[in-house]
Amino acid sequence: MHDIIIRNADIIDGTGKSAYQADVAVDGGQISDVGDLSRNGGRHVIEAEGHAVTPGFIDMHSHADFSLPIWPTADSMLHQGITTAVVGQCGLSPAPLPDKTREETVAVLNGFFGERIKAMPWNEWSSVGDYLKFLTRQGVSINVLPLVGQGVIRASVMGLGEGRADLDQMATMKNQVAGAMAQGAIGLSTGLIYPPGSFTATEELIELTRAVASKNGYYFSHIRGEGDTLLDAVAEAIRIGRETRTSVQISHFKAAPKDNWDKSSHALQLIGEAQAEGLDVTADLYPYRAGSTTLATMLPHWAHVGGPGETMKRLADPAARAKMIADMQTGGFARGFEWNMVLITSSPPRTAYEGRYVSDLAAQAGKKPYVWVFDALLETALDMTMAVFGMSEENRRREIQFPSMMICTDGFGLTATGPMAKGVPHPRNYGAFPRVLGRYVRDLQVLKLEEAVFKMTGLPAKKLRLKGRGVIRPGFAADLVVFDPATVSDRATYDNPHQYAAGISHVLVNGRFVIQDENHTKKKPGIVLKPLH
Ligand SMILES: [Zn+2]
């Protein structure tokens, strides 16, 4: 008698190999048998004829480390079949918080994530190890792989200013990274368009990455620009991998706005060449044409020097405003985007702005768009996020097909109702994985189902050296998804994002049902994972 039997399923085993019909048995958290199990009984039997059974999906880029302490059931992730998430991304992790600079670092993180993380129990941890112990003690519904954020480390040692680290500061930062690695971090992340990552020289990043290289760790990067500077930014990430011999992941790959679309295939070519050179450089994306980040990211880098307080002073200063406008028109994140492509996705102090485009909001207020943006950032103390429509659909299809492209949400663990259903966040939070399976596999036939599943399971599991995960095979962890390939789809939209995916009926994490008959069981069988050395 098995714990669970899934009968007559189309097994898509996560290796890329063709689907085949079989039964899967689960016992004690593991896949115990795969084959014709018609003579075996199960305490729990799922009749899965016509349904696919795959390994649980691995989200290569998640900010759920800022939602799990508040909402450990990560509903929006589980409902799309995600059973493991790599967190601590874009240079931002909830630890370490050294005593001396704790308040400043928490202020930086609150400044970035805003109202959404108001309920974070910051006092529960200081180190990465304590943070992970907190998650384990509280319980979580998904498995977690944590990175430590370069931005947080630099902010805690050097504040939010520009400038190079001196020898002492460098040693302190390397110590912090090494400490985080010893306590369970799998590598370092950077966010090189956000302060203080944006103030950090490549040489400093190389030196810091050496502290993860010696532990066989990873370098994950939100690179130094996904528009005008895309090719240099990809080259920088590759250089860091080459000089430190570290495995590199280029996060949420994209090329925007329109006059940079032709850079996408060249950037992929650079990644391909790095692989041919023997470097482990891969990438991930979310399958949408809009990106999303804080509205303040539109401002030039210099406007962020010194932290949010200084940014606010500059926003109030007419001379600084004039210089910002000039710089935003000629370079940086804002160049090339029209204001009717910028949608406000959250603005807790002024919720009336949410779900509306900057062009409309500015027209209604009788202001020029730049002036409206500066005024709104002042009114909300920078607590606003946006979605920006700037990617090419044709590129998206080619990028998804790129052999070493994996999938991510770049999201949080949210809920369709209740406290985590606020604002109008980017639909990727709810729909990234089912959108690949529905839109790009079934509707557009950009990928075969087996290829898409490989990109979500076996490929990232191999990259992350996850022992016994990412493939359906006896002895492997029973992280499993049961879905209907004919109906699986994302339902979240830009207007109405808080909607779970359709067609995903069951999700198991470590052999336990987290989604059962499309309902979250509120079980918390997730664990903190470690790569094999
Ligand atoms: Zn990012």
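Counting starts at 1 for both ligands and their atoms, following the listed order. Residue numbers start at 1 and run along the sequence shown. For the numbers below, each heavy atom of this structure counts, side chains included, while hydrogens, waters and symmetry mates do not.
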If the threshold is 4.0 Å, N to carboxylate O, is there a salt bridge linking E207 and R210? yes
Give a yes-or-no answer on whether the side chains of [X] and [Y] include a donor-acceptor pair shorter than 3.5 Å.
X	Y	result
E236	T202	yes
S247	K463	yes
T73	D75	yes

Is it the case that over 12 heavy atoms from other parts of the model lie below 6.0 angstrom from the CZ atom of R398? yes
Residue-atom pairs from the protein, N, O or S only, that lie under 2.8 Å from the Zn ion (ligand 1): C90 SG, H222 ND1, H252 NE2
Using ring centroids (six-membered ring only for Trp), state whether F199 and H301 fall under 6.0 Å. no
